[in-house]
Enquirer: 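Can you read through this structure? Questions will come right after.
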Amino acid sequence: MSRTRRTDEGQGRLGSVLSGIAVALGCVLFLGGFVWGAVLYQPYAVPTGSMAPTIEAGDRVLAQRIGGDEVRRGDVVVFEQSTWGDLPMVKRVVGVGGDKIACCQDGKLTVNGKAVAEPYLPEGKDAAVTGIPTTTVPKGRLFLLGDERSGSLDSSTHLGDADQGTVPRDAVRARVDAVAWPMDKFGMLERPEGFADMPGGLSEPGPLRLVVSAIVAGMVLVLGGAAYGPVAKRLGRGRGRGRSRTGEAVGVG
């Protein structure tokens with residue numbers, strides 16, 4: 001056996017070992033990412049346009065499972081409130097317990113007397129269609145509005161209820177982190193800076209980016225590792241043919 005052949009075999013064995021490690025690690029990342037995502041997140045289909053243009057009717061969103069005590073102003077949440085309907089709903093939190101909500105001051109929503117910038121509203125639209133009289137949010141409850149204020153059945157339309165249109169914190173099931181479908185809208189929801197200076201600040205995004213990165217990295221490692229064998233064999237055959245042609249004996253007549 002020539003030294004060149006022994007070298008090629010050694011490189012081949014090393015390549016096979018590294019390929020196997022890449023596939024194994026890729027499987028761990030890929031499957032682990034999916035399991036991690038399934039534990040933390042739940043997909044929802046949004047049936048109405050009450051959150052447009054942030055979330056359109058028919059969009060699919062990914063929402064992180066959280067407790068009601070983790071909710072902050074500006075969050076888009078999934079919640080269930082029997083007096084509002086039998087299905088999960090998606091709205092934006094604009095007030096928490098103790099806040100005084102009113103609208104409108106120069107077309108803007110006010111929270112505790114401060115006008116709030118809401119860049120997610122449809123362009124040219126005021127923060128409310130008919131106005132919201134000053135309303136104090138009871139302790140442990142939330143005041144929620146849709147981004148499409150003219151067609152949203154939200155706290156503003158339930159002001160006559162016993163709890164002034166608010167819902168309990170424990171009605172929240174999840175916080176929307178991203179739009180997953182359609183693909184041209186795929187992306188994380190931005191935290192609105194208009195609520196950043198208020199007590200409690202803004203919530204931190206969930207680990208969705210890490211989950212997606214783990215899945216993508218795992219897929220790349222699996223595909224790359226699986227492709228090594230066929231590629232190495234093809235390259236090996238090419239080198240073998242080259243050596244064969246070089247080593248042919250030439251007869252002298």
Side-chain angles (χ1 to χ4, degrees), residues 37-38 40-66 68 70-96 101 103-104 107-109 116-132 141-161 165-195 202-203 205-206 208-209 211-212:
L40 292 180
Y41 286 90
Q42 183 168 348
Y44 289 92
V46 179
T48 72
S50 68
M51 281 298 296
T54 307
I55 304 170
E56 304 282 356
D59 286 357
R60 270 64 172 175
V61 300
L62 292 175
Q64 182 185 4
R65 295 180 173 92
I66 62 169
E70 299 177 64
V71 175
R72 300 290 183 270
R73 301 175 191 85
D75 287 347
V76 176
V77 298
V78 180
F79 66 99
E80 296 180 21
Q81 175 72 351
S82 60
T83 57
W84 289 24
D86 297 327
L87 298 174
M89 287 172 279
V90 180
K91 305 292 180 190
R92 188 181 297 274
V93 177
V94 298
V96 300
I101 308 297
C103 192
C104 295
K108 293 185 177 181
L109 179 78
V116 178
E118 296 185 279
Y120 43 77
L121 295 180
E123 188 174 355
K125 298 287 187 178
D126 288 345
V129 177
T130 59
I132 301 173
R141 302 185 72 88
L142 305 169
F143 198 93
L144 304 109
L145 298 175
D147 287 357
E148 175 48 83
R149 304 284 160 85
S150 62
S152 176
L153 299 178
D154 51 32
S155 291
S156 67
T157 61
H158 288 273
L159 288 173
D161 294 355
T166 63
V167 301
R169 279 184 175 269
D170 59 13
V172 173
R173 299 290 174 261
R175 178 175 54 224
V176 178
D177 257 3
V179 175
W181 187 264
M183 285 301 295
D184 61 348
K185 290 186 64 178
F186 181 84
M188 302 287 290
L189 295 191
E190 295 183 4
R191 265 43 178 186
E193 292 299 320
F195 297 97
L202 302 177
S203 62
L208 184 59
R209 294 185 196 275
V211 171
V212 173

Enquirer: List for me each residue that meets ring-ring contact (aromatic ring centres under 6.0 Å, His included) alongside Phe79, sequence neighbours excluded, and say none if there are none.
Expert: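 Result, ring-ring contact (aromatic ring centres under 6.0 Å, His included) vs Phe79: Trp84.
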Enquirer: Could you check if a side-chain atom of Ser152 sits within less than 4.5 angstrom of a side-chain atom of Met51, using non-hydrogen atoms only?
Expert: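 Answer no - side chains too far apart.
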Enquirer: Tell me whether Tyr44 contacts the main-chain N or O of Leu62 through its side chain, where contact means a donor paired with an acceptor under 3.5 Å.
Expert: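 Side chain of Tyr44 to backbone of Leu62, a donor-acceptor pair under 3.5 Å: no, none is there.
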Enquirer: If you compare all heavy atoms of Lys108 against all heavy atoms of Cys103, which two are closest, and at what distance to 0.1 Å?
Expert: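 Reported closest heavy-atom pair: O-SG, 3.8 Å.
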Enquirer: Do Lys185 and Asp59 meet the salt-bridge criterion of a basic N to acidic O distance under 4.0 Å?
Expert: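 A salt bridge is present here (some side-chain N lies under 4.0 Å from a carboxylate O).
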Enquirer: Are Glu80 and Pro88 side-chain neighbours, meaning at least one heavy-atom pair lies under 4.5 Å?
Expert: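 Yes; the side chains approach each other to less than 4.5 Å.
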Enquirer: For the CD1 atom of Ile66 and the OG atom of Ser203, what is their distance to the nearest 0.5 Å?
Expert: 7.0 Å
Enquirer: Pro47 and Ala57: which non-hydrogen atoms are nearest, and at how many Å?
Expert: O-CB, 3.9 Å
Enquirer: Checking side chain to side chain contact (heavy atoms under 4.5 Å, CB included) for the pair Phe195/Leu202: CA distance, chi angles, key distance, verdict?
Expert: CA-CA 7 Å; Phe195 297 97; Leu202 302 177; 3.8 Å; yes
Enquirer: Quick check for you: to the nearest 0.5 Å, what is the distance between Leu121 atom CG and Glu123 atom CD?
Expert: 11.5 Å
Enquirer: Could you list the residues that satisfy salt bridge (charged side-chain N to carboxylate O under 4.0 Å, His left out) with Glu118, not counting sequence neighbours?
Expert: Arg149
Enquirer: Would you confirm whether Arg175, through its side chain, and Val172, through its main-chain N or O, come within 3.5 Å as a donor-acceptor pair?
Expert: no
Enquirer: Checking side chain to side chain contact (heavy atoms under 4.5 Å, CB included) for the pair Ile55/Val179: CA distance, chi angles, key distance, verdict?
Expert: CA-CA 7 Å; Ile55 304 170; Val179 175; 4.3 Å; yes
Enquirer: Considering only NZ, NE, NH1 and NH2 on the basic side and carboxylate oxygens on the acidic side, decide whether Asp154 and Lys91 come within less than 4.0 Å.
Expert: no
Enquirer: Before you tell me yes or no, could you show the steps for Arg60 and Phe186 under side chain to side chain contact (heavy atoms under 4.5 Å, CB included), namely the whole-Å CA-CA distance, both residues' side-chain angles and the distance that decides it to 0.1 Å?
Expert: CA-CA 9 Å; Arg60 270 64 172 175; Phe186 181 84; over 6 Å; no
Enquirer: Output yes when a side-chain donor or acceptor of Arg169 lies under 3.5 Å from a complementary backbone atom of Val71, and no otherwise.
Expert: yes
Enquirer: Would you say that Val46 contacts Val61 through its side chain, given a criterion of any heavy-atom pair below 4.5 Å between the two side chains?
Expert: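 A side-chain contact exists here, since the closest heavy-atom pair is under 4.5 Å.
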Enquirer: Is the shortest distance from a Lys or Arg side-chain nitrogen in Arg191 or Asp177 to a carboxylate oxygen in the other one below 4.0 Å?
Expert: yes
Enquirer: Would you compute the distance between atom CD of Glu148 and atom CG of Leu145 and round it to the nearest 0.5 angstrom?
Expert: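 Between Glu148 CD and Leu145 CG, I get 12.0 Å after rounding to 0.5 Å.
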Enquirer: Could you pull out the closest heavy-atom pair between Phe143 and Ser156, with the gap in Å?
Expert: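 Closest approach of Phe143 to Ser156: CZ-N, 4.3 Å.
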Enquirer: Mind running side chain to side chain donor-acceptor pair (under 3.5 Å) on Thr166 and Arg141 for me, showing each step along the way?
Expert: CA-CA 6 Å; Thr166 63; Arg141 302 185 72 88; 2.7 Å; yes
Enquirer: May I have the step-by-step check of salt bridge (Lys or Arg N to Asp or Glu O under 4.0 Å) for Asp147 and Arg92, ending in yes or no?
Expert: CA-CA 7 Å; Asp147 287 357; Arg92 188 181 297 274; 2.8 Å; yes
